[in-house]
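The chains referred to below are lettered A, B, ... by the order of the sequence lines, with proteins before strands, and numbering in each begins at 1. Hydrogens, waters and symmetry mates are skipped; everything else that's a heavy atom, side chains included, is used.
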There are 2 protein chains.
Amino acid sequence: MDKHEITDEGGSPEIVLQVKDGLLDDRSAASMSELFKALGDPTRIKIIHALLQHELNVHDLTVVLGMGQSAVSHQLRYLRNLRIVKRRKEGKTVYYSLDDNHIEQLFVLTLQHLEHD
Amino acid sequence: MDKHEITDEGGSPEIVLQVKDGLLDDRSAASMSELFKALGDPTRIKIIHALLQHELNVHDLTVVLGMGQSAVSHQLRYLRNLRIVKRRKEGKTVYYSLDDNHIEQLFVLTLQHLEHD
DNA sequence: CTAATATATGAGCACTTATTCATATGTTAG
DNA sequence: CTAACATATGAATAAGTGCTCATATATTAG
């Protein structure tokens with residue numbers, strides 16, 4: 001017995017069952033949404049856009065973004081955990097750059113889409 | 001005087017200024033992140049994936065997703081507000097389908113990326 | 001008309017998230 | 001060693017999100 005009492009009785013049961021059967025499993029849906037969620041924030045979008053143009057250290061990112069160092073650092077950790085961004089240490093400064101071609105693809109594709117529209 | 005006392009004094013001031021100057025404005029960053037945010041949820045991912053295969057009415061979507069009608073309806077409104085999904089009314093039932101080729105592109109691209117990896 | 005069915009919507013709530021503040025860690029200069 | 005600088009991190013908090021529940025609206029059948 002289903003919690004929501006969801007049973008089939010619609011007009012095209014075959015198609016419904018077919019779609020239901022071929023639907024993304026929870027893990028895939030989670031992976032996918034996790035990836036998109038990373039791009040679902042203006043600050044992270046700006047960070048990615050900046051790094052798309054040039055590798056930058058944390059301080060320079062705060063200058064570029066006009067934000068506090070802590071906020072930038074938190075977001076960089078977030079992006080690094082998802083392997084969207086990578087670090088390179090040089091003395092006491094840490095340089096960040098993009099680490100995922102797929103993300104760059106998504107980003108550029110969407111940027112183009114929003115531009116000519 | 002900046003709120004965070006962010007001033008330039010890094011190693012490559014020219015590049016920083018260049019990146020800062022070419023950075024996405026707030027409106028563009030907001031548009032972009034808004035779009036990605038729509039894909040940043042497992043339920044919406046599943047809805048889009050289902051509709052990628054076939055137009056479906058609300059009840060059938062609840063069957064496919066195994067979720068309550070209200071939750072599905074709320075998410076459909078969300079997706080419809082962003083023109084990701086469109087309605088077609090037929091009597092008392094409402095059929096939903098995808099309404100944005102770009103979203104489909106992003107979706108399929110990412111799906112492929114996650115599959116063979 | 002009323003009842004039944006399909007969808008939509010507002011309020012409430014638990015949970016998440018993005019920032020700030022304070023502080024910790026790491027690195028180099030002197 | 002200490003001071004100064006660069007980055008990282010934990011706690012706190014305000015805002016946002018996704019679901020449920022109850023109810024509203026719309027359409028059709030009888």
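Interatomic distance, CD of B:Glu55 versus CG of B:Asp60, reported as 10.5 Å (0.5 Å rounding). Between the OH atom of B:Tyr78 and the CD1 atom of B:Ile47 there is a distance of 11.5 Å, given to the nearest 0.5 Å. Annotation: the span from B:Leu106 atom CG to A:Leu35 atom CG amounts to 11.0 Å, rounded to 0.5 Å.
Atom CD of A:Glu90 is separated from atom C1' of C:dT28 by 13 Å (rounded to the nearest Å). In this structure, the CG atom of B:Asn81 is 15 Å from the C1' atom of D:dG18, given to the nearest Å. Between the CG atom of B:Asn57 and the P atom of C:dT5 there is a distance of 15 Å, rounded to whole Å. Between the CG atom of A:Leu79 and the P atom of D:dA8 there is a distance of 12 Å, rounded to whole Å. For the pair A:Leu76 CG and D:dT9 P, the interatomic distance rounds to 11 Å; values are reported in whole Å. Across the protein-nucleic acid pair, A:Asp41 atom CG and C:dT16 atom P stand 18 Å apart, rounded to whole Å. The CD atom of A:Gln75 sits 11 Å away from the P atom of C:dT20 (whole-angstrom rounding). The separation between A:Asp60 atom CG and D:dA6 atom P is 10 Å, rounded to whole Å.
Residue A:Thr93 places no side-chain atom within donor-acceptor reach of the base of C:dT27, judged by atom type and a 3.5 Å distance cut-off alone. Interface remark: the B:Thr43 side chain does not form any donor-acceptor pair with the D:dC19 base, using a distance-only criterion of under 3.5 Å. Between the base of C:dA8 and the side chain of B:Gln69 there is a donor-acceptor pair shorter than 3.5 Å. You won't find any donor-acceptor pair under 3.5 Å spanning the side chain of A:Ser70 and the base of D:dT7, going by distance alone.
Contact check on B:Arg80 versus B:Asp99 returns no salt bridge, with no Lys/Arg side-chain nitrogen under 4.0 Å from an Asp/Glu carboxylate oxygen.
Here the shortest heavy-atom pairing between A:Lys37 and A:Arg44 reads O-NH2, 3.2 Å.
Look at B:Arg77 and you'll find a side-chain N or O under 4.0 angstrom from OP1 or OP2 of C:dG10. For the pair B:Arg44 and D:dT17, the criterion of a side-chain N or O lying under 4.0 Å from OP1 or OP2 is not met. Phosphate contact (OP1/OP2 of D:dT25, side-chain N/O of B:Lys92, threshold under 4.0 Å): absent. Between B:Lys89 and C:dA6 there is no side-chain polar atom (N or O) within less than 4.0 angstrom of OP1 or OP2. Remark: A:Arg87 is in phosphate contact with D:dA8, judged by side-chain N or O atoms under 4.0 Å from OP1 or OP2. For the pair B:Tyr78 and D:dC19, the criterion of a side-chain N or O lying under 4.0 Å from OP1 or OP2 is not met.
Judged by centroid separation below 5.5 Å and plane tilt below 30°, B:His74 stacks onto the base of C:dT9.
Side-chain contact between B:Leu76 and B:Leu61 is present, with heavy atoms from C-beta onward closer than 4.5 Å.
Nearer to the 5' terminus of DNA chain C, by closest-nucleotide assignment, is the contact made by B:Tyr96 (compared with the other of B:Tyr96 and A:Gly40).
Closest to the B:Met67 side chain, of the nucleotides C:dT7, C:dT19, D:dC19, is D:dC19.
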